[in-house]
Enquirer: 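Next up is a structure, given as structure tokens.
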Amino acid sequence: MIEIAPSILSADLADFAGGLAIAEEGGADLVHVDVMDGHFVPNLTFGPPVVAALARRTRLPLDVHLMVSNPDRLLDAYLAAGAARVAVHCEAVTHLDRLLSVIREKGARAGVAINPASPVELLADALHLCDFVLLMSVNPGFSGQSFLPYVLDKARRLAARVAERGLATTLELDGGVSIENAETCVRAGIRTLVAGTAVYGASDPRRAIRQLRIAAERGLA
Ligand code: DX5
Ligand code: ZN
């Protein structure tokens, strides 16, 4: 099954309700929320009250991507804000096992995000703790960057490892995803596609969500 997760960071930030309505009306599965702290990445975005406000305005599950240093200090606040899925960056975490357990204990799906240049082999022994892995296909910090194709090889290696071990961990891809590359991403093992510019930058964003899904589903054939 394919999941499409429009990234609200690329929507009109003065009109969250409108951005959420587009995601719902286009048939999205999740809303991706990019949390940036101005430290782990050079940009600053949404605090827990903003995430709580988003959660109140949509029936879609919120897919919260924590691009923050010391996520252990902020995790509880984002879980309480109503995140359905939370990904912490492996580059920012010292005690990954503990944090993933906290996310699951609070009833959310636990994910690990990984930067383009970090080897997926880092996660080999933690995969059974991950409901999903969020592979970055741009350097985190901004939407609208170009897709880094070498990340597809990481996805293939990780998908093979997940299959070998019979795990239910799913793979999500984030950064530069488009209607043009969606099929290739799915062929590499990706099942959840985050799309910012490809959705909210399109002349018809609802149609863009539907087209992304059609393109992605071709990769399952
Ligand atoms: C980058 C963010 C992405 C970004 C995606 O740091 O994690 O989720 O908003 O935007 P596009 O699809 O435009 O690359
Ligand atoms: Zn993201």
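Order of appearance sets the numbers: ligands from 1, and atoms from 1 within every ligand. All residue numbers refer to positions in the sequence shown, counting from 1. Just so it is clear, the model here is predicted, and its values are computed rather than measured.
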Enquirer: Look at the rings of F46 and F16 and say which category their plane angle falls in: under 30° parallel, 30 to 60° tilted, over 60° perpendicular.
Expert: perpendicular
Enquirer: Closest non-hydrogen protein atom to atom 4 (C) of ligand 1, residue and atom name please, with distance?
Expert: D34 OD2, 3.7 Å
Enquirer: Verify, without hydrogens or angle tests, whether R165 (side chain) and A124 (backbone) share a donor-acceptor contact under 3.5 angstrom.
Expert: yes
Enquirer: Around atom 10 (O) of ligand 1, find the nearest protein heavy atom and jot down its residue, atom name and distance.
Expert: S143 CB, 3.2 Å
Enquirer: Between D76 and K106, is there a salt bridge with N-O shorter than 4.0 Å?
Expert: yes
Enquirer: Do the charged groups of R157 and E121 touch, with an N to O distance under 4.0 Å?
Expert: yes
Enquirer: Do me a favour and list the nearest non-hydrogen protein atom to atom 3 (C) of ligand 1 with residue, atom name and distance?
Expert: D174 OD1, 2.9 Å
Enquirer: Considering only N, O or S atoms, which atom of H65 is nearest to the Zn ion (ligand 2)?
Expert: ND1
Enquirer: Nearest protein heavy-atom contact for atom 12 (O) of ligand 1: which residue, which atom, what distance?
Expert: G196 N, 2.8 Å
Enquirer: Would A198 count as a contact residue for ligand 1, given that I'm defining contact as a non-hydrogen atom of the residue lying under 4.0 Å from a ligand atom?
Expert: no
Enquirer: Starting from atom 13 (O) of ligand 1, what is the nearest protein heavy atom, named by residue and atom, and what distance separates them?
Expert: T197 OG1, 2.6 Å
Enquirer: Crowded around R161 CZ? As in, over 12 foreign heavy atoms under 6.0 Å?
Expert: no
Enquirer: Quick test of your reading of the model: are R109 and D63 salt-bridged, counting only N-O distances below 4.0 Å?
Expert: no
Enquirer: Checking a contact table here: which protein heavy atom is nearest atom 14 (O) of ligand 1, and how many Å away?
Expert: G176 N, 2.8 Å
Enquirer: Name whichever N, O or S atom of D34 ends up nearest to the Zn ion (ligand 2).
Expert: OD1
Enquirer: Using a strict cut-off of 4.0 Å, indicate which atoms of ligand 1 neighbour a heavy atom of G175.
Expert: 14 (O)
Enquirer: What is the OD2(D174)-the Zn ion (ligand 2)-NE2(H32) angle, to the nearest 10 degrees?
Expert: 100°
Enquirer: Within ligand 1, which atoms have a heavy atom of G141 less than 4.0 Å away?
Expert: 1 (C), 6 (O)
Enquirer: Using a 6.0 Å cut-off, check whether atom CZ of R210 has over 12 heavy atoms from anything other than its own residue.
Expert: yes
Enquirer: Please state which protein non-hydrogen atom is closest to atom 1 (C) of ligand 1 and give its distance, to 0.1 Å?
Expert: F142 O, 3.5 Å
Enquirer: Check the surroundings of atom CZ in R191: do more than 12 heavy atoms from other residues, nucleotides or ligands lie under 6.0 Å from it?
Expert: yes
